[in-house]
*Asks:* 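Below is one structure. I have some questions about it.
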Amino acid sequence: MPLKACPWCGEPFKPESFHFTPNRTAPQNLVLKCENAECDFTRDRHLPVLVVDEPIYRRLPAFLIATVDKFASLPWIGKSGAFFGHVDRHDPDKGFFGASEPGEGRPFGNGHRLDPPDLVIQDELHLISGPLGTAAALYETAIDLLSSRPGLHGLIRPKIVASTATVRRAEKQIAALFDRSETAVFPPPGIHRTDRFFASTVPSAREPARLYVGVASQGRGLKLLFLRSMQTLLAGAQALTSSPTQEGEDAADPYLTVLTYFNALRELGGARLLEFCTVSPTGAGVDPGLGGALVVGFSTMSDM
């Protein structure tokens, strides 16, 4: 289940929140109901959320969340054509039907039809590169064609909004992946480099400034550099720590945490083992009573 709590009121889901319809013996859908009596989606009113493939093919939600591996099932599941407006019949109790399910539902009247998707949101665009990007581009070409609809001046293609960790070579990647010749970076640059409307640069006298430090150690391995940097940061913060003041917490407390990012799980695992075996027993100035190295978490760049 992608949801752990009610998105409307925040009440955690319980086993009683899940209901099979029309019955448990021959279920056709999984319905979610909030157990909070004060919630608007409780008792006879279920949450407008679909989490099972079969009801999604039938109900055709207006907002669909999926992973890129679902692309591979499109040529093999005829019902998936309904996502692109290829339906001509409807049943109020079951949903929409297309050519893959003849004889089901009643035909549309008055020339009604369903439009294909007109907005595609792609997260983690920087990860769809290399072999994965080549395979994904094949499906993106088909999806783009199926999602296009006729307009007054030709086909209207869906708008694509993508988030990426870097804009380096983004135009080339977007052209190869989505066949888009024009890209627009959002938010766009402002009229001044210190003011982008969504974020502005202020003097260090007004707000505490950030200090970026690069460490270069020729002739030393990356693991040793990581280890010594972490030991120095933790020991220095521990030396500056003091008892909490009346005004608030210890000012050095935030620096007792080292936040690290890695490009791959292999690097993360090696650093985690190195920290566990080395930093704790040899961390000068680190209070053993606090558990040695005060490192609360590791993360890869793909988790961001």
Side-chain angles (χ1 to χ4, degrees), residues 68 122-136 162-174 176-177 185 189 193-194 196 199-245 248-304:
V68 70
Q122 174 65 61
D123 192 19
E124 304 285 1
L125 178 64
H126 58 279
L127 298 180
I128 308 180
S129 59
L132 176 60
T134 301
S163 65
T164 178
T166 175
V167 295
R168 179 175 177 267
R169 301 179 63 185
E171 293 186 358
K172 184 177 180 180
Q173 181 187 11
I174 291 173
L177 185 62
V185 178
R193 65 182 180 87
T194 62
R196 297 175 62 91
S200 59
T201 303
V202 298
S204 58
R206 177 179 170 187
E207 294 287 347
R210 294 181 179 181
L211 178 63
Y212 295 88
V213 179
V215 180
S217 180
Q218 290 80 4
R220 301 288 184 176
L222 291 177
K223 290 185 177 180
L224 181 61
L225 178 60
F226 165 78
L227 173 64
R228 294 292 181 257
S229 299
M230 179 178 288
Q231 286 178 320
T232 302
L233 290 171
L234 290 172
Q238 184 68 26
L240 294 174
T241 189
S242 60
S243 301
T245 62
E249 297 294 333
D250 178 17
D253 181 72
Y255 300 96
L256 295 174
T257 298
V258 175
L259 181 63
T260 57
Y261 298 98
F262 301 90
N263 291 322
L265 291 175
R266 180 181 178 182
E267 297 177 5
L268 184 151
R272 184 68 181 88
L273 180 63
L274 184 69
E275 174 271 331
F276 180 78
C277 298
T278 310
V279 175
S280 296
T282 62
V286 178
D287 186 358
L290 297 177
L294 304 181
V295 182
V296 297
F298 289 78
S299 176
T300 61
M301 290 301 293
S302 61
D303 296 331
M304 290 298 291

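Starting from 1, each residue takes its place in the sequence as its number.
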*Asks:* Mind listing the closest non-hydrogen atom pair of I128 and A136 along with its distance?
*Replies:* CG2-CB, 3.8 Å

*Asks:* Check whether Q122 reaches the backbone of T164 with its side chain - one donor and one acceptor, N or O, closer than 3.5 Å.
*Replies:* no

*Asks:* Please examine the side chains of L225 and V215, heavy atoms only from C-beta on, and report whether any two atoms are closer than 4.5 Å.
*Replies:* yes

*Asks:* Rounded to the nearest 0.5 Å, what's the gap from CZ on R272 to CG on L265? Could you check?
*Replies:* 14.0 Å

*Asks:* If I take atom OG from residue S204 and atom CZ from residue R206, how far apart are they, to the nearest 0.5 angstrom?
*Replies:* 12.0 Å

*Asks:* At what distance, to the nearest 0.5 angstrom, does OG of S200 lie from CD of E207?
*Replies:* 9.5 Å

*Asks:* For the residue pair H126 and A165, what are the closest heavy atoms and their distance?
*Replies:* ND1-N, 3.1 Å

*Asks:* Quick one: CG on L273 to CG on L268, what's the gap to the nearest 0.5 Å?
*Replies:* 11.5 Å

*Asks:* Can you name the closest pair of heavy atoms from M230 and V258 and give their distance?
*Replies:* CE-CG1, 4.1 Å

*Asks:* Testing the basics here: between R220 and S217, what is the closest heavy-atom pair and its distance to 0.1 Å?
*Replies:* CG-OG, 3.0 Å

*Asks:* So, taking the atom named CG in L259 and the one named CG in L233, what distance separates them when rounded to the nearest 0.5 Å?
*Replies:* 11.5 Å

*Asks:* Taking all heavy atoms of R228 and all of T232, pick out the closest pair and write down the distance.
*Replies:* O-OG1, 2.8 Å

*Asks:* Specify the closest pair of heavy atoms between V68 and L132, including all atoms of both residues, with the distance to one decimal.
*Replies:* CG1-CD1, 4.5 Å

